[in-house]
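Everything numeric in this text was worked out from a predicted model, so none of it was measured.
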Amino acid sequence: PLQCGGTCRLSDATFVELDGDETGRLGRIAAAPQSPPADPYFGEYEIVGKGEAVCGEVVFRIGRMTGQVGSEVEATCVGTLADWSTVPGSPPLGLLPCQHRYKSGGGSSDSGGPVVRRLDSDHAELVGIHWGGSDSSDAFSPLSNIEAEIGQLAVTVSNELPEILITTPPTGTHVGSGALVPVHLEAAVFDFEQGDSCSGCSVSWASTEDGGLGVSPFAGGTAEVDATISGAAHTRVVTADAIDDLGATSWDFVVLHTDNEAPQVWIDWPVPWVSLWSGVPYTLQGSSFDSETFQALPCTALEWTINGAVPPAVNGCHPTVVFPNPGLHVVTLQGEDSFGAPDSVTIPIQLIAPPPDAPPVVTFLTPGPGSLVAPTTTTTLLVLVTAPGGEQNAITVDWTFESPKSLDPSGTVGLGGATVFSGNQTSQGIVPQNYLQGGCGSTAFSIRVTATDTGSQQVGEATLDLYAYGPPC
């Protein structure tokens with residue numbers, strides 16, 4: 001309603017609720033420079049109070065087209081005629097009583113810009129609203145007139161939530177495989193109060209599978225981090241939480257996938273096309289590596305298939321088998337990881353019937369090749385001795401400890417011996433620290449077993465490589 005009677009308004013202002021769910025950016029005014037166009041973001045003033053302009057003081061009008069302009073107040077509370085001829089349904093002239101005059105140099109579309117008293121570089125008091133004028137003079141409605149028409153306006157600062165959108169990688173991306181997968185994360189960020197470069201703002205990255213992935217600042221409208229996530233066949237939600245300098249937060253997320261990589265398996269022994277005696281027990285040796293766990297597969301996950309052998313199929317890292325018959329045989333080793341991904345390798349070997357005077361064969365049964373043993377306790381070594389030609393002569397067995405770190409300057413220490421017959425086992429106990437120099441980490445050593453047929457004087461031997469573990473270096 002008209003407060004002054006007739007065709008007049010106390011202010012060129014109105015208050016309209018556009019959307020009940022949208023609070024707007026309350027309590028702040030754009031601090032654009034005096035350079036058209038003033039649309040780009042240049043920061044803002046926080047409105048900390050209300051005031052009344054007085055003659056002679058400099059106030060600042062902020063317009064959409066001409067930016068921020070300081071101007072001295074020339075007159076207060078003067079009646080001003082306004083040209084309303086272009087407003088549909090309005091009379092050609094209207095009266096705005098008790099307006100303030102200044103020379104702000106406002107242009108078309110600057111109407112409605114706030115008029116403030118600047119307190120410092122970041123804070124201001126609201127004193128009115130610019131509505132226009134002529135070449136010689138402009139006018140603004142004082143805040144008291146505005147409140148007389150539309151009610152009291154509380155000066156309330158509302159901290160706008162920061163804005164964030166994850167741009168790299170897109171949701172649904174398969175980012176790689178292996179134990180550790182590198183991933184570059186990037187988001188577009190903006191804070192209304194501080195802009196796209198905010199020293200007090202940050203983005204915290206996290207994953208449902210991996211936990212925290214790092215914290216990155218706002219820099220040029222971007223927040224980015226290089227992270228490492230766990231591999232294998234996993235799906236995870238990666239979140240980015242933007243936090244502004246006042247603690248307000250918003251977030252975005254993407255769904256990322258990592259893939260399981262098949263393991264790798266190797267046959268360490270026998271080597272392809274090697275010639276072996278038939279009817280003699282041999283210990284096979286296999287190795288594996290799983291890139292997701294960054295270690296070997298469990299020995300139970302390794303399966304050997306050997307045509308013509310006894311047994312024809314067996315699990316383990318180093319099983320013992322016998323090939324009863326001469327001829328060409330095929331050895332296959334397959335490994336399967338915990339996700340069911342397989343790998344396999346196949347080699348041919350040649351089995352030959354041994355001559356009557358073939359040297360004895362020594363087969364290590366325990367521990368397995370490359371085993372890690374305690375340095376201060378007794379480890380029992382067990383071997384099987386076989387005369388390939390079926391001789392029944394006594395066989396003498398000699399044990400030797402060998403290592404560059406041996407206490408003996410020669411690097412070799414005899415452990416004793418025994419006498420056995422073909423097809424029998426013999427054992428030897430050792431305490432590694434009795435033969436090794438002290439040190440940290442694992443120390444390599446070897447056990448060599450020499451078998452001599454007392455009848456034919458043929459000599460066979462085998463070597464087992466082991467490691468004694470010690471304290472970390």
Side-chain angles (χ1 to χ4, degrees), residues 268-270 274 276-286 299-300 302 304 306 308-325 329 331 349 351-375 377-403 412-432 434-435 445-468:
D268 299 311
W269 195 91
V274 67
L276 304 175
W277 303 129
S278 60
V280 175
Y282 289 102
T283 298
L284 311 179
Q285 297 178 30
C299 287
T300 54
L302 296 181
W304 299 80
I306 316 108
V310 178
V314 64
N315 288 84
C317 293
H318 38 78
T320 300
V321 298
V322 176
F323 298 89
N325 302 311
H329 295 263
V331 178
I349 61 174
L351 272 297
I352 302 172
D357 60 348
V361 173
V362 177
T363 305
F364 278 97
L365 300 179
T366 60
S371 294
L372 200 63
V373 299
T377 60
T378 300
T379 295
T380 300
L381 308 166
L382 183 64
V383 297
L384 173 64
V385 181
T386 306
E391 298 88 346
Q392 295 302 312
N393 303 319
I395 300 173
T396 60
V397 176
D398 293 299
W399 299 78
T400 305
F401 182 97
E402 300 176 348
S403 175
T412 301
V413 179
L415 300 176
T419 300
V420 298
F421 289 91
S422 178
N424 291 326
Q425 301 175 3
T426 184
S427 64
Q428 176 69 43
I430 62 165
V431 178
N434 294 341
Y435 309 99
F445 67 94
S446 300
I447 301 296
R448 183 181 298 276
V449 175
T450 303
T452 304
D453 187 313
T454 58
S456 66
Q457 296 301 305
Q458 292 283 354
V459 177
E461 66 178 22
T463 301
L464 177 67
D465 295 324
L466 299 173
Y467 297 88

Are the side chains of Val314 and Val321 in touch, meaning some heavy atoms are under 4.5 Å apart?
yes
So CZ of Arg448 and CG of Asp398: to nearest 0.5 Å the spacing works out to 12.5 Å
Exactly one of Thr379, Ile430, Thr400 clears side-chain contact (heavy atoms from CB on, under 4.5 Å) with Ile447, and that residue is Ile430
In short, Pro369 meets Leu464 closest at the heavy-atom pair CA-CD1, 3.5 Å
d(Leu384 CG, Thr366 OG1) to nearest 0.5 Å is 11.5 Å
One should read off an interatomic distance between Asp268 CG and Cys317 SG, to the nearest 0.5 angstrom, of 9.5 Å
Taking the side chain as everything from C-beta on, heavy atoms only, tell me whether Val397 gets closer than 4.5 Å to Val420. yes
Rounding to 0.5 Å, atoms CG (Leu415) and CD (Gln428) come to a distance of 5.0 Å
Checking Ser278 against Asn325 for the side-chain contact (heavy atoms from CB on, under 4.5 Å) test, could you report, in this order, the C-alpha distance in whole Å, the side-chain angles of both residues, the deciding distance, and whether it holds?
CA-CA 6 Å; Ser278 60; Asn325 302 311; 5.9 Å; no
- Below 4.5 Å, heavy atoms only, C-beta onward: do Val373 and Pro432 meet side chain to side chain? yes
Fill in: Near-ring test Trp269/Tyr282, centroid separation under 6.0 angstrom
yes
Practice item. Answer whether the closest heavy-atom distance between the side chains of Thr320 and Leu365 falls below 4.5 Å. Key: yes
Next on the checklist: Is the shortest side-chain heavy-atom distance between Trp304 and Pro319 below 4.5 Å?
Outcome noted: yes
Val449 vs Phe364 side-chain heavy atoms within contact, under 4.5 Å:
yes
Could you go step by step and tell me if Val362 and Thr450 meet the side-chain contact (heavy atoms from CB on, under 4.5 Å) rule? CA-CA 8 Å; Val362 177; Thr450 303; over 6 Å; no
In terms of heavy-atom contacts, Ala394 and Thr454 come closest through O-OG1, 2.7 Å
Test of ring centre spacing under 6.0 Å for Phe445 and Tyr435:
no
Minimal heavy-atom distance between Val310 and Pro324, with the atoms involved, is CG2-CG, 3.7 Å
Looking only at heavy atoms, the pair that brings Val385 and Ala451 closest together is CG1-CB, 4.3 Å
### Query
When you look at Asp465 and Ser446, which way does the side-chain hydrogen bond (donor to acceptor under 3.5 Å, both in side chains) test go after all the steps?
CA-CA 4 Å; Asp465 295 324; Ser446 300; 2.7 Å; yes
- Just wondering, do Trp399 and Thr426 contact through their side chains at under 4.5 Å, heavy atoms? yes
* For residues Gln458 and Pro360, determine if any side-chain heavy atom of one lies less than 4.5 Å from a side-chain heavy atom of the other. => yes
Output for pair (Thr396 OG1, Asp453 CG), nearest 0.5 Å, gives 8.5 Å
Note: Pro388 and Pro354 closest approach over all heavy atoms is O-CG, 3.2 Å
Looking only at heavy atoms, the pair that brings Ile395 and Ala387 closest together is CD1-CB, 4.4 Å
Rounded to the nearest 0.5 Å, the OG1 atom of Thr452 sits from the CG atom of Asn393 at a distance of 12.0 Å
**Study point:** Full working for side-chain contact (heavy atoms from CB on, under 4.5 Å) between Phe323 and Ile349
**Key:** CA-CA 11 Å; Phe323 298 89; Ile349 61 174; 3.6 Å; yes
task = Take Val361 and Trp277 through the test side-chain contact (heavy atoms from CB on, under 4.5 Å) and record every step on the way to the result.
result = CA-CA 9 Å; Val361 173; Trp277 303 129; 3.9 Å; yes
